[in-house]
Amino acid sequence: MEDAGTAESHIHNHQEVIWNRWLDNFQGDFDNYSQVMEDRANGMLPNEGGGHENFHCTLVPLSKTSRLAAFYFDGNPERIFRFRYYELTFPPAAEGRSSSSSGDDDDSSIIEMKLYTLHPELERLLRSKSDEPLQWPSLYNSFQVKEEGGEDKIQYLPNCEIAWSLRMDPVEHSYAKSVAVGDKDGIHAVMVYGEAIVDSTIIPGMKIRILDQLSLYRDTFYINDRGLDPETGDYIYGNQAGVPYRLERVSRMISSNGKEREVVREDLKWTMGPKWRSQDEYEMKIKGIGGPSSKMNQTPKKS
């Protein structure tokens, strides 16, 4: 039996591993174009068809523990449907939390991530440079809220915390069983409180029930994000077949005379925006998945 000191050391060692993997890999660009191509080859469209929309995630470090995140459709950064600010923290006491995020040594060895929305004016400012994410940190840091007593630069999203762990939940992360054997360097996340009810940032007055699981590897990011109508249970967004979005790494953020994006997938760099492709290439890529995702998905009401 482990004594208290050994158990505490065990937990701290796991937290350090999780922390370092998050710092190393929760940054850069990811895109699920390859997954969408597979869907279309199998006749699968979004929504009831069980297929996925093509979307892209850009994660820009603000500091060692914070990230700006943008999500957009069809390789077009002008179509950002979600901006978020993420902050990594050590977890407080586990009172009132999901059983999936606490309970045994592995589950107790977690790092938490808090989620925030952005001030509307700040979000508009970042959108004006949507295809230049390396400028976002300076824009964020220099932004000042004009109205006295108004909203802060970022707004905390209550009960949306994410718990990162080395452990895969056998139910919530069942999709991770398909990851190639040998890729043992992942970290996995569940919602600390199991779910959350939030206000839609797209449709005033709409409530959305959020469910989310994540798995992050060096070059692959699984996002199982669903939004449901709290009353009817109908899907508002997310994959209706329960298959996570499988985003593959396109770039890494590196430091060499300042921040740079190092492309690691030449075949996917076109997804980073117009500066990374020709118009002919873009049209060919979108035609290859049957057209823009928004035209296939009639309910893209992202929170």
Side-chain angles (χ1 to χ4, degrees), residues 32 44-53 55 57 69-73 79-87 89 91-92 94-103 107 110 112-120 123 151-152 154-165 169-176 188-215 221-247 293-303:
N32 76 326
M44 299 167 65
L45 297 178
N47 291 333
E48 292 83 358
H52 298 80
E53 308 93 337
F55 84 85
C57 171
F71 301 84
Y72 58 80
F73 288 117
R79 295 195 58 226
I80 292 172
F81 62 79
R82 180 185 298 160
F83 257 116
R84 289 288 184 267
Y85 173 98
Y86 298 135
E87 182 71 34
T89 66
E95 182 178 352
R97 296 171 175 238
S98 167
S99 59
S100 294
S101 64
S102 62
D107 286 338
I110 62 173
E112 282 191 9
M113 186 172 74
K114 291 186 175 181
L115 281 64
Y116 300 79
T117 57
L118 307 182
H119 188 284
E123 186 164 322
E151 296 181 11
D152 292 332
I154 56 175
Q155 293 289 322
Y156 167 66
L157 279 170
N159 299 327
C160 289
E161 285 87 343
I162 296 292
W164 290 98
S165 172
D169 184 280
V171 175
E172 296 203 62
H173 297 118
S174 58
Y175 57 82
H188 309 276
V190 297
M191 297 186 72
V192 168
Y193 297 96
E195 61 180 57
I197 305 295
V198 303
D199 293 318
S200 171
T201 57
I202 304 299
I203 302 178
M206 172 179 276
K207 298 288 186 181
I208 302 178
R209 177 181 173 226
I210 304 296
L211 301 169
D212 199 9
Q213 297 89 33
L214 307 168
S215 290
F221 189 13
Y222 291 87
I223 302 177
N224 196 22
D225 182 18
R226 290 94 70 214
L228 310 177
D229 185 308
E231 296 183 0
T232 67
D234 292 339
Y235 269 80
I236 297 172
Y237 66 84
N239 184 263
Q240 297 190 23
V243 179
Y245 295 84
R246 187 190 78 233
L247 284 73
S293 295
S294 61
K295 293 185 179 180
M296 301 179 199
N297 183 354
Q298 297 302 309
T299 57
K301 301 168 185 175
K302 300 285 180 177
S303 66

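Side-chain atoms are counted along with the backbone in the values below, which use heavy atoms only and exclude waters and symmetry mates.
At a threshold of 4.5 Å between non-hydrogen side-chain atoms, the residues E161 and L115 do not count as touching. In this structure, the side chains of L247 and Y222 stay at 4.5 Å or more apart for every pair of heavy atoms. No side-chain heavy atom of V198 sits under 4.5 Å from any side-chain heavy atom of K207. Between D234 and L228, the closest side-chain pair of non-hydrogen atoms is not below 4.5 Å. No side-chain heavy atom of H188 sits less than 4.5 Å from a side-chain heavy atom of L214.
No donor-acceptor distance shorter than 3.5 angstrom exists from the side chain of T89 to the backbone of P91, with no hydrogens or angles considered.
Distance check: C160 SG to D212 CG gives 9.5 Å after rounding to the nearest 0.5 Å. Note: S215 OG to E172 CD = 10.5 Å, rounded to the nearest 0.5 Å. Here the CG-CD distance, from L118 to Q155, works out to 10.0 Å after rounding to the nearest 0.5 Å. A distance of 8.5 Å separates OG of S165 from NE2 of H173, quoted to the nearest 0.5 Å. The structure places CD of E123 at 8.5 Å from CZ of R84, a figure rounded to the nearest 0.5 Å. Note that the CD1 atom of I210 and the CD1 atom of I208 stand 5.5 Å from one another [nearest 0.5 Å].
In this structure, the side-chain hydrogen bond (donor to acceptor under 3.5 Å, both in side chains) partners of N32, at least two apart in sequence or on a different chain, are Q35, N54. Taking the side-chain hydrogen bond (donor to acceptor under 3.5 Å, both in side chains) definition, one finds that Y86 meets it with nothing, sequence neighbours left out. F71 is linked by a ring pair (Phe, Tyr, Trp, His ring centres under 6.0 Å) to nothing, counting only residues two or more places apart in sequence or in another chain. When the side-chain hydrogen bond (donor to acceptor under 3.5 Å, both in side chains) test is applied to T117, no partner is found at least two apart in sequence or on another chain. Judged as a side-chain hydrogen bond (donor to acceptor under 3.5 Å, both in side chains), and not counting sequence neighbours, the contacts of N239 are H52. Applying the salt bridge (Lys or Arg N to Asp or Glu O under 4.0 Å) criterion to R226, with sequence neighbours excluded, gives no partner residue.
Side chains of E53 and Y245: a donor-acceptor N/O pair is present below 3.5 angstrom, by distance only.
In this structure, F81 has its ring center under 6.0 Å from that of F73. Taking the six-membered ring for Trp and the full ring otherwise, the centers of F55 and Y72 sit at least 6.0 Å from each other.
Residues P244 and G242 share a closest heavy-atom pair of CD-O, 3.6 Å.
Just one residue in the list I223, N224, I162, V171 forms a side chain to side chain contact (heavy atoms under 4.5 Å, CB included) with Q213, and that residue is N224.
Taking 4.0 Å as the cut-off between side-chain N and carboxylate O, R209 and D229 do not count as a salt-bridged pair.
Between Y116 and Y85, the ring-plane angle classifies as perpendicular under the 30° and 60° cut-offs.
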For this session: Give the intermediate values and the outcome of side chain to side chain contact (heavy atoms under 4.5 Å, CB included) for residues M113 and E87.
Result: CA-CA 5 Å; M113 186 172 74; E87 182 71 34; over 6 Å; no
